[in-house]
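Can you read through this structure? Questions will come right after.
First the proteins, then the strands, lettered A, B, ... as listed; each starts at 1. These numbers were taken from a predicted model, which means no experiment stands behind them.
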There are 2 protein chains.
Amino acid sequence: MKLSTKSEYACLALIDLAEHYAKGLIKSEDIARRKKLPKKFLDQILFTLKNSGYVKSKRGSAGGYRLAKTPSQITIAEILRLMDGALAPVYSVSTYFYEKTPIEQNKKMLKILKEIRDYVAEKLEKTTLADIVS
Amino acid sequence: MKLSTKSEYACLALIDLAEHYAKGLIKSEDIARRKKLPKKFLDQILFTLKNSGYVKSKRGSAGGYRLAKTPSQITIAEILRLMDGALAPVYSVSTYFYEKTPIEQNKKMLKILKEIRDYVAEKLEKTTLADIVS
DNA sequence: CAAATATTCGATTATTTTTATAGTCTGGCA
DNA sequence: TGCCAGACTATAAAAATAATCGAATATTTG
């Protein structure tokens, strides 16, 4: 579970939207400036977040983005799974992205990796945007 | 901390050497066959392991590889760090591979990631080859 | 010594993933 | 109508990952 730049950006963007949750629509340009993210790349990420129902948007000169749910309804786990796939250290211990991998040959090693995946999944599933807004 | 194929192969190779620890020199071909690894890629991995002092080798028709230490002296953590780098989910919470990353902007998120890195590091640092031989 | 065998080690290639940019289109507001 | 901001697709640059090749060298055995 190494976070890609993309998932770091996605988290920061959602955090920004959570921080300005009361203000209505936020322009991607403002998010990019505040969080120091490349604007066009951010647009692409927001597009993905929109398609998956985490944010809503409005076009036009008074347009922008806002969260589609309250900050406490969005967990970090779902965002990372959307952007990076499995939280697990190997696919063979992933609950949602299971796939065979060579290490499956060793049951004891697999058990340890599974414990790691469970710790990470549980921790990130109970952490919501509301918990990390600054 | 998503394991690369390479680090899975490295673990399996070392496990194989640990399983045959008493038998002296083991040919890479035998490891490749037993653990179903691509021979040439495995050779490259064994070469890295040798340069870092985890295995010793001997050439020639009666050559092969053996562990340079006892199975209980080799931790999974060091092997993964050698092959993949940081165990941490982001470099900005890595102890041995620290580097700035965007998520550092949010202290609460960073704290959670740090807890994950600590759990993973502690767990893998106390797991040795001796613990996982089958 | 010669043949066979196994590691050495750099080079190279292939593939995938990651990161990012470009550009056109479309809807909304003044 | 004309600008503004998101919508969406395409594509490309860069980096990481995965794997292969092949000649060189060392060692054992016949």
Side-chain angles (χ1 to χ4, degrees), chain A residues 1-13 17 24-33 35-66 68 80 82-86 89-91 97 99 101-103, chain B residues 1-13 17 24-33 35-52 54-66 68 80 82-86 90-91 97 99 101-103:
Chain A
M1 206 259 327
K2 173 81 176 49
L3 272 62
S4 65
T5 305
K6 195 163 163 176
S7 62
E8 287 196 46
Y9 288 175
C11 289
L12 286 170
L17 289 178
L25 294 168
I26 308 293
K27 296 190 204 315
S28 72
E29 197 188 327
D30 293 337
I31 303 174
R33 184 175 26 76
K35 294 295 188 280
K36 303 185 188 71
L37 314 177
K39 162 88 166 60
K40 276 290 192 180
F41 196 17
L42 172 62
D43 284 345
Q44 199 173 286
I45 291 166
L46 287 168
F47 180 63
T48 300
L49 290 172
K50 192 200 139 187
N51 286 339
S52 300
Y54 293 105
V55 304
K56 293 199 170 183
S57 66
K58 196 174 181 188
R59 298 207 224 188
S61 55
Y65 293 91
R66 64 179 180 82
L80 297 185
L82 175 65
M83 294 295 157
D84 285 350
V90 291
Y91 287 120
F97 299 85
E99 210 173 289
T101 82
I103 205 69
Chain B
M1 207 258 329
K2 173 77 177 51
L3 272 61
S4 65
T5 307
K6 195 164 166 177
S7 62
E8 286 197 47
Y9 289 174
C11 288
L12 286 170
L17 288 177
L25 294 168
I26 307 293
K27 297 190 204 316
S28 73
E29 196 188 328
D30 294 336
I31 302 174
R33 184 174 26 74
K35 294 295 190 279
K36 303 186 187 71
L37 314 178
K39 162 90 166 57
K40 276 290 194 181
F41 196 17
L42 172 62
D43 284 345
Q44 194 175 291
I45 291 165
L46 286 168
F47 181 63
T48 300
L49 290 171
K50 193 201 138 186
N51 286 339
S52 301
Y54 294 105
V55 305
K56 293 199 171 183
S57 65
K58 196 175 182 187
R59 299 206 224 189
S61 56
Y65 293 91
R66 65 178 180 81
L80 297 185
L82 175 65
M83 294 295 157
D84 285 349
V90 291
Y91 287 121
F97 299 85
E99 210 172 287
T101 82
I103 206 69

5' priority, DNA chain C, between A:R59 and A:A62 [closest heavy atom]: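 Result of the comparison: A:R59.
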Mind checking whether B:V90 and B:P102 have side chains closer than 4.5 Å, heavy atoms only?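 No - every pair of side-chain heavy atoms lies 4.5 Å or more apart.
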Distance below 4.0 Å between B:K58 side-chain N/O and D:dT28 OP1 or OP2: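 Yes, within the criterion.
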So, taking the atom named NZ in B:K56 and the one named CG in B:L46, what distance separates them when rounded to the nearest 0.5 Å?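 Result: 15.5 Å between the selected atoms.
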Rounded interatomic separation in angstrom, taking CG from A:L42 and P from D:dA5: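 Spelled out: CG on A:L42 to P on D:dA5 is 14 Å.
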At 4.0 Å (heavy atoms only), tell me whether A:E29 reaches a base, stays on the sugar-phosphate, or touches nothing.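 It contacts nothing in the nucleic acid.
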On the side chain of A:K40, is there an atom forming a donor-acceptor pair with the base of D:dG6 - under 3.5 Å, no angle test?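 No.
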Take atom CZ of A:R66 and atom C1' of D:dG6, then tell me their distance rounded to the nearest Å.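 For the pair A:R66 CZ and D:dG6 C1', the rounded distance is 15 Å.
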Nucleotide of D:dA19, D:dA26, D:dA7 approaching A:F47 most closely (side-chain heavy atoms):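 Out of D:dA19, D:dA26, D:dA7, the nucleotide with an atom closest to A:F47's side chain is D:dA7.
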Does a side-chain heavy-atom distance below 4.5 Å link B:M83 with B:L3?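 No, their side chains stay 4.5 Å or more apart.
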Whole-Å distance separating the CE atom of B:M83 from the C1' atom of D:dT17: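 Result: 14 Å.
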Nearest-Å distance for atom pair NZ/P, residues A:K6 and D:dA14: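 About 19 Å, once rounded to whole Å.
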Hey, is the side chain of A:S28 poking within less than 4.0 Å of OP1 or OP2 on D:dG6, counting only N and O atoms?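 So the side chain of A:S28 is within the cut-off, an N or O lying under 4.0 Å from OP1 or OP2 of D:dG6.
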Can you measure A:Q44 atom CD to D:dT11 atom C1' for me and round it to whole angstrom units?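 Interatomic distance, CD of A:Q44 to C1' of D:dT11: 11 Å.
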Taking OP1 and OP2 of D:dA19, is either one under 4.0 Å from a side-chain nitrogen or oxygen of B:Y9?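 Yes, because at least one side-chain N or O of B:Y9 sits under 4.0 Å from OP1 or OP2 of D:dA19.
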Between D:dA19 (P) and B:L46 (CG): distance, integer Å: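 Nearest whole value for this atom pair: 15 Å.
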With a 6.0 Å cut-off (strictly less than), is the heavy-atom count around OH of B:Y91, excluding the residue itself, greater than 12?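 Atom OH in B:Y91 is not crowded, with 12 or fewer foreign heavy atoms closer than 6.0 Å.
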With side chains defined as the heavy atoms from C-beta onward, is the minimum distance between B:F41 and B:Q44 less than 4.5 Å?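 When only atoms from C-beta onward are counted, B:Q44 and B:F41 do touch, with a gap below 4.5 Å.
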Contact boundaries on DNA chain C for chain A, cut-off under 4.0 Å to non-hydrogen atoms: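 The contact span of chain A on DNA chain C goes from C:dT19 to C:dC29.
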Are any non-hydrogen side-chain atoms of A:K39 and A:L42 less than 4.5 angstrom apart?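 A:K39 does not reach A:L42 side chain to side chain.
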Have a look at B:L17 and tell me which of B:L25, B:I26, B:L49 forms a side-chain contact (heavy atoms from CB on, under 4.5 Å) with it.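 That would be B:I26; it is the only one of B:L25, B:I26, B:L49 passing the side-chain contact (heavy atoms from CB on, under 4.5 Å) with B:L17.
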Once you round it to whole Å, what is the distance between C1' of D:dT25 and NZ of B:K50?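 Value for this atom pair: 12 Å.
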B:L3 has an atom CG; how far is it from atom C1' of D:dA16, in whole Å?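 Atom CG in B:L3 sits about 15 Å away from atom C1' in D:dA16.
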Just to confirm, is there a sub-4.0 Å distance from OP1 or OP2 of D:dA19 to any side-chain nitrogen or oxygen of B:K39?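 So the side-chain polar atoms of B:K39 never come under 4.0 Å of the phosphate oxygens OP1 or OP2 of D:dA19.
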Base, sugar-phosphate, or nothing for B:F41, non-hydrogen atoms under 4.0 angstrom?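 Contact class for B:F41: base.
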Does A:K27 make a side-chain N or O approach to OP1 or OP2 of D:dG6 shorter than 4.0 Å?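 For D:dG6, neither OP1 nor OP2 has a side-chain N or O of A:K27 closer than 4.0 Å.
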Do the non-hydrogen side-chain atoms of A:K36 and A:L12 ever get within less than 4.5 Å of each other?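 A side-chain contact is absent here, since even the closest heavy-atom pair is not under 4.5 Å.
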